[in-house]
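Single-structure report; data block below.
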Amino acid sequence: MVLSIAGFHPRSLSVKIFGLGTTFVLLFFLYLYNSPTSFSSILSSGSSRFGFDRQPGTCPPRAYANGRWAGPYYRTTAATMTNKSQALEFSGFEGCASSREFDWHLASDNEGQWNRFPTAQSYQWTVGKQDGCEGLEELDKEKMVRDMVEQGGWLLLGDSITEGHFFSLSCTLYPHVIATPNYTPNSFFDRAWPQNLYLNPASPLLRPSSGSHKQLYLPTGFNISTTPLATFRRIDLLLTQSELVDLHQSLHPVNPANFSLFSEEAVWSISPSEYMPLFIDGGYGTMVVSTGGHWTVTLFGGYGKNMPPAFDGAKEGIDGVIDFFGHAMRSWANEVQSALYEASRLDGGQRKRQVLVRAYLPGHDDCHNPKVTKPWAEIHPTEWASYNWGSIWRYNEVFDDILTTSSTKYPDLHYLAIDRPGRLRPDAHTTGDCLHIMAGAGVLEGWSHYIWHYVSKELGRSRRSRVLGA
Ligand SMILES: *[C@@H]1O[C@H](CO)[C@@H](O)[C@H](O)[C@H]1NC(C)=O
Ligand SMILES: *[C@@H]1O[C@H](CO)[C@@H](O)[C@H](O)[C@H]1NC(C)=O
Ligand SMILES: *[C@@H]1O[C@H](CO)[C@@H](O)[C@H](O)[C@H]1NC(C)=O
């Protein structure tokens with residue numbers, strides 16, 4: 001099967017990425033009105049995600065994660081990579097708007113690993129009714145752009161994994177977006193710089209000739225040069241180090257003279273008191289956060305080898321870090337939900353805003369072993385893992401627990417357990433390490449696809465039913 005994706009035809013803008021679509025849309029309507037069987041199968045796979053005021057969706061996060069990688073389905077007839085510029089067409093991208101570490105993100109920066117092209121870029125995540133997932137529309141970048149313009153853009157907060165997600169989004173939405181800053185003129189950059197995607201003034205979507213059903217009309221208040229469709233902020237911990245030190249001190253009072261929670265390890269973080277106003281006033285509709293990878297005993301050196309012997313009630317090592325993570329994320333969730341309540345009170349609930357916590361993704365040790373050439377069918381349990389990778393599921397469980405068991409307490413915060421597709425892709429890492437994921441392999445693109453679905457369909461539907469008083 002050869003999918004032709006790279007060609008851009010202004011007259012047929014709806015570029016089909018993968019062929020899952022229309023059947024599901026039909027099934028979705030059948031399901032909505034008269035399918036008790038599929039209703040109960042959805043409930044069994046996903047009902048715990050929803051509080052009383054949320055309708056079961058047509059493809060809840062866990063149902064989406066039930067799928068499998070199918071393929072390889074090559075997009076071109078080229079069997080090998082001979083020029084790094086081929087990375088784009090192998091990945092199904094027309095280009096990428098971001099200029100930050102371009103070849104590194106696409107994993108085309110090391111000729112020694114070009115043999116991974118085009119296979120690693122040719123698998124597709126396949127999910128359907130049997131997984132409890134119905135009504136998942138194909139990724140359609142023009143519709144995504146429209147939804148971001150109309151419903152508000154995405155504020156992506158997280159570490160370098162999320163930065164990879166931002167880069168991938170800049171490819172998925174190309175050529176309808178432009179990216180800032182431009183990293184091309186000089187290679188200096190600071191990881192703290194915000195990165196933005198704006199609607200491209202030259203996008204065919206803005207031309208009257210694009211046809212009335214395609215043409216994009218900008219809502220009042222939307223300024224093409226100042227309203228981002230997406231922004232990335234590098235935030236490793238979701239709270240600042242000093243906020244965490246204060247919280248820790250209140251939980252485990254220790255004499256600061258002989259205790260330091262953090263080591264000297266580099267970390268980037270800003271406070272919710274800074275990014276919540278940005279989210280609320282910046283025209284965004286969705287904030288996507290993810291954290292976990294930096295919550296280690298090396299950064300949290302107070303839990304590492306210098307942990308004080310008598311540490312008021314705290315567990316040792318990684319168990320202590322995860323315990324503290326739980327306290328910190330509960331405190332974070334309270335603060336974020338309060339800010340959303342306040343924003344809603346001020347604007348009379350005019351703009352719907354939601355916060356999605358994307359499950360963190362651990363790496364795969366030994367990912368560049370030449371034997372690692374394809375996706376797994378099931379997650380392989382490992383006895384040993386680098387960093388805190390073996391415990392990432394516990395950090396994710398913390399969020400699941402906070403946002404699921406207290407879903408009535410945090411109605412605008414949602415946990416997306418969509419890490420499984422990435423966990424099945426040891427073959428999809430960047431060339432230099434086994435944590436970061438290459439753009440174009442379907443993992444990061446799948447996050448964008450699912451988040452778009454979740455915001456515009458799963459939440460959109462319960463929003464409508466709330467309006468109707470259902
Ligand atoms: C690689 O492809 C680009 C774009 O098509 C082209 O400009 C360049 O000359 C090619 N490089 C080589 C070594 O063939
Ligand atoms: C959009 O923002 C720019 C920069 O602030 C400003 O110069 C321009 O007048 C704004 N456009 C509109 C239509 O408000
Ligand atoms: C902690 O520091 C204080 C004051 O600097 C000192 O008196 C105390 O003995 C230290 N405690 C430990 C356990 O090192």
Side-chain angles (χ1 to χ4, degrees), residues 2-9 15 74-122 145-146 148-155 167 170-171 173-185 187 193-208 210 215-233 274-275 277-285 347 350-351 430-431 438-440:
V2 175
L3 298 174
S4 165
I5 289 167
F8 181 67
H9 310 291
V15 179
Y74 296 105
R75 293 179 172 88
T76 76
T77 50
T80 56
M81 179 140 114
T82 52
N83 182 325
K84 70 180 178 189
S85 70
Q86 289 169 285
L88 290 172
E89 48 183 320
F90 286 151
S91 302
F93 297 141
E94 292 181 62
C96 301
S98 172
S99 53
R100 165 96 196 269
E101 297 179 316
F102 195 90
D103 298 332
W104 179 84
H105 279 294
L106 290 162
S108 57
D109 59 334
N110 179 347
E111 202 172 331
Q113 293 181 32
W114 281 6
N115 60 352
R116 295 196 289 165
F117 291 83
T119 302
Q121 292 72 24
S122 303
V145 167
R146 179 183 304 276
M148 286 169 149
V149 168
E150 290 176 357
Q151 299 167 11
W154 299 1
L155 179 60
F167 183 90
S170 92
C171 309
L173 301 180
Y174 188 92
H176 302 299
V177 292
I178 54 172
T180 65
N182 181 354
Y183 290 90
T184 314
S187 58
W193 285 355
Q195 297 184 53
N196 295 292
L197 298 181
Y198 293 100
L199 184 58
N200 183 356
S203 165
L205 292 174
L206 290 168
R207 277 184 223 138
S210 59
Q215 199 187 343
L216 197 53
Y217 296 96
L218 305 180
T220 29
F222 186 99
N223 182 328
I224 195 167
S225 51
T226 57
T227 313
L229 297 191
T231 296
F232 165 69
R233 293 301 306 262
E274 190 177 331
Y275 59 73
L278 171 69
F279 176 47
I280 287 161
D281 303 328
Y284 303 96
D347 72 7
Q350 294 251 320
R351 182 184 273 285
T430 48
T431 56
M438 61 169 81

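Just so we're clear, the structure is a prediction, and the values are computed from it rather than from any experiment. Numbering of residues begins at 1 and proceeds along the displayed sequence. Each ligand, and each atom within it, is numbered from 1 in the order the structure gives.
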Side chain to side chain contact (heavy atoms under 4.5 Å, CB included) partners for Pro181, two or more places apart
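By the side chain to side chain contact (heavy atoms under 4.5 Å, CB included) rule, Pro181 matches Tyr183, Trp193, Gln195.
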
Assert yes or no for the condition that the ring centre distance of Phe102 to Phe167 is strictly below 6.0 Å.
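Yes.
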
Counting distance only, does the side-chain N/O of [X] pair as donor-acceptor with the main-chain N or O of [Y] below 3.5 Å?
X      : Y      : result
Arg100 : Thr180 : no
Gln113 : Thr431 : yes
Ser170 : Ser98  : yes

If we number the atoms of ligand 2 from 1 as shown, the ones under 4.0 Å from a heavy atom of Ser225 are 1 (C), 2 (O), 3 (C)

Proximal atoms of ligand 2 relative to Thr226 (non-hydrogen, under 4.0 Å)
2 (O), 4 (C), 5 (O)

Assess, by modelled atom type and distance only, whether the side chains of Thr231 and Tyr284 contain a donor and an acceptor separated by less than 3.5 Å.
yes

Restricting to non-hydrogen atoms, name the atom on Thr227 and the atom on Gly282 that form the minimum distance, rounded to 0.1 Å.
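Minimum heavy-atom separation between Thr227 and Gly282: CG2-O, 4.4 Å.
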
For ligand 1, what N or O to protein N or O distances fall under 3.5 Å?
{"from": "ligand 1", "atom 1": "2 (O)", "to": "Asn83", "atom 2": "OD1", "distance (Å)": "3.3"}
{"from": "ligand 1", "atom 1": "2 (O)", "to": "Asn83", "atom 2": "ND2", "distance (Å)": "2.3"}
{"from": "ligand 1", "atom 1": "2 (O)", "to": "Ser85", "atom 2": "OG", "distance (Å)": "3.2"}
{"from": "ligand 1", "atom 1": "11 (N)", "to": "Asn83", "atom 2": "ND2", "distance (Å)": "2.9"}
{"from": "ligand 1", "atom 1": "14 (O)", "to": "Asn83", "atom 2": "ND2", "distance (Å)": "3.4"}

